[in-house]
Amino acid sequence: MTKDTAGPVQIAQELPEEVLRAARSDARGIPLVGRAAEMHALRQAGNKDPSSGRIFEGHVNGVQLIARCGTDEQRERLERDISDGHIFAVWNTQDADGLRLEPVVDSTFVLRGAKTWASGAGTITRALVTSALPNGSLQMCVVPMDRVQVTIDRSAWLPMGMERSDSFRVVFDGVELTLDDFIGKPGDYEAQPWFAGGALRFIGVHVGILERLECEALAYLIDRNRHGDSLQQMRAAQIRVAIRTSRLWLDAGIESWMQFDADPSQVNADNVMEVVDMARVVIEHYALDVSELVVRSVGARGLIEPLPFGRLIRDLQMYLRQPAPDAALLRVGAAAFAAAARACNPSIASPTGTSG
C-alpha cells in the first residue's frame, strides 16, 4: 500500500476508545450502544476535529453496513478487525473511470478504476467500496488496504476546508478480490431507509462542530471582556437558539430511527427518511447562520491563526456541501405535496369561480 507522508488524521489515536466502540451494531444495523449514544459519539468526534469526525462517520457507516449485510463469518472477521484497531471507510463517489469488477477465474475478481473523495486515504485500513459488476449492478466489497497495492493521488485535493480528511483519489487497478470479500447482495448499499436516513450520522458531526464553534467563540469573548456588550449578547443568543434547535432536530431523527427499529414498517421507513431530510435542511441553515454570527462576533482579529475559527468555519462549510444537500430539500418538498394530497381538504376558488 502507498504510505502517506503528509501527516494524515490518525483517528485511532485522536478519538477515545468509547467513541470508536460506538460504531458496533447488531445484524440489523442498530447501534449496540443505542441510537442516542451513537449520536453523542458522532457529536464528540465533530467537536474534537471536523476531519476526524468525517473519518469516524465513515468508520461507523462501514462497520454497520458489514454488520447488517454481511454473513456470520464476515461479522466475526469484522469484530476481530475492530478489536485489532482497524479503521473502516465507505468510498462510493467516483468519476467517469469508476470502480468495476472483472471476473478472472472461479470466484476471483480484479478491480479496475478509481474512487474519488476517499476520506482517510493513506490512513484507513479497511475500505468498503461500491463497484460495478459486469451486468451493471452495484456490489459492496471490503478491500484490506494494508495488504494491497493501490495508487493514492493527492494532486487534486486542494480544498477550501477539511484538508486533514485526506479525501484523495484512489486507483485500485489490479487489486484481486474473491466472493468472500463481497458484502451483501448487489443493490444493498442503496437500500432504504439506511441510505438516506444514514445522513443523520454526518449531520450529528455537523452539530458537534457547531457546538465547538459556540464554545470557542464565547470563551474568546469572555477572555477579552466583551461578554457584557449588548450586540455580543444578541449574537450569543442567536447562536444558542440555533444550536439548541439543531439538537432538537437531531433528537427527532433519533426518535424516528428508534420507531423504525421497534417496527420496521414501510410507514416508519418513510418517516425516517423524511425526518432526516428535514433535519438536514434545518441544520444546514443554522450552520451557515452560526458561521456568520461567529465571524461577526470574533471580528477580523479572531480569524487569524492559530485561533481556531477560520479553520473550523472553512471545514464546516466544506462539509455541508457533501453529499448533495439540495437533493434533500427537493425530497422534503415532494413529501410536502404528497402529504397535502393525502390529508388536505381545501376550499379554494377554482378558475370557474366554484369551490374545488
* Asked: Shared ILVMFWY cluster between Phe56 and Phe168, side chains joined below 4.5 angstrom?
  -> yes
* Asked: Do other residues, nucleotides or ligands put more than 12 heavy atoms under 6.0 Å from the NE2 atom of His86?
  -> yes
* Is any side-chain heavy atom of Thr130 less than 4.5 Å from a side-chain heavy atom of Leu99? -> no
* Asked: Can you find a pair of side-chain heavy atoms, one from Leu248 and one from Arg244, that are under 4.5 Å apart?
  -> yes
* **Residue pair Leu250 / Ile283, side-chain heavy-atom distance below 4.5 Å** => yes
* Structure fact -> Taken to the nearest 0.5 Å, the spacing of Ile209 CD1 from Glu214 CD works out to 14.5 Å
* Asked: Are the side chain of His59 and the backbone N or O of Ala89 linked by a donor-acceptor pair below 3.5 Å?
  -> no
* Residue pair Asp277, Arg280: steps toward the salt bridge (Lys or Arg N to Asp or Glu O under 4.0 Å) verdict -> CA-CA 5 Å; Asp277 275 341; Arg280 186 174 177 188; 5.7 Å; no
* Residue from Ser165, Ser167, Ser119 passing side chain to side chain donor-acceptor pair (under 3.5 Å) with Arg54 -> Ser119
* Got Val170 and Val129 here, is their nearest side-chain heavy-atom distance under 4.5 Å? -> no
* Kindly check if the number of other-residue, nucleotide or ligand heavy atoms within 6.0 Å of CZ (Arg28) is above 12? => yes
* With a cut-off of 6.0 Å (strictly less than), are more than 12 heavy atoms of other residues, nucleotides or ligands near CG of Asn135? -> yes
* Asp315 vs Glu163 side-chain heavy atoms within contact, under 4.5 Å -> yes
* To do: Report, as yes or no, whether the 6.0 Å neighbourhood of atom CH2 on Trp194 holds more than 12 heavy atoms from other residues, nucleotides or ligands.
  => yes
* Asked: Looking at OG of Ser297 and CD1 of Ile239, how far apart are the two atoms once the value is rounded to the nearest 0.5 Å?
  -> 4.5 Å
* Asked: Rounded to the nearest 0.5 Å, what separation is found between the CG atom of Leu101 and the CZ atom of Arg112?
  -> 11.0 Å
* Structure fact -> dist Ile313:CD1 -> Glu292:CD (nearest 0.5 Å) comes out at 8.5 Å
What side-chain donor-acceptor pairs closer than 3.5 Å can you find for residues 176-187, not counting sequence neighbours?
unit_1: Thr178; atom_1: OG1; unit_2: Asp180; atom_2: N; d: 3.3
unit_1: Asp180; atom_1: OD2; unit_2: Arg77; atom_2: NH1; d: 3.2
unit_1: Asp181; atom_1: OD2; unit_2: Thr178; atom_2: N; d: 2.9

* **Non-neighbouring partners of Glu79 that pass salt bridge (Lys or Arg N to Asp or Glu O under 4.0 Å), sequence neighbours left out** => Arg24
* To do: With rounding to the nearest 0.5 Å, note down the distance linking CG in Asp166 to CZ in Arg154.
  => 7.5 Å
* Do the side chain of Arg43 and the main chain of Arg247 share a donor and acceptor less than 3.5 angstrom apart? -> no
* Asked: Heavy atoms, side chains only, cut-off 4.5 Å: are Tyr286 and Trp249 in contact?
  -> no
* Drop me the distance from Ile30's CD1 to Asp261's CG, to the nearest 0.5 angstrom. => 3.5 Å
* **Contacts of type salt bridge (Lys or Arg N to Asp or Glu O under 4.0 Å), residue Glu216, not counting sequence neighbours** => Arg212
* **Beyond-backbone contact of Glu102 with Pro134, side-chain heavy atoms, under 4.5 angstrom** => no
* To do: Indicate yes or no: at least one non-hydrogen side-chain atom of Ile254 is less than 4.5 angstrom from one of Asp251.
  => yes
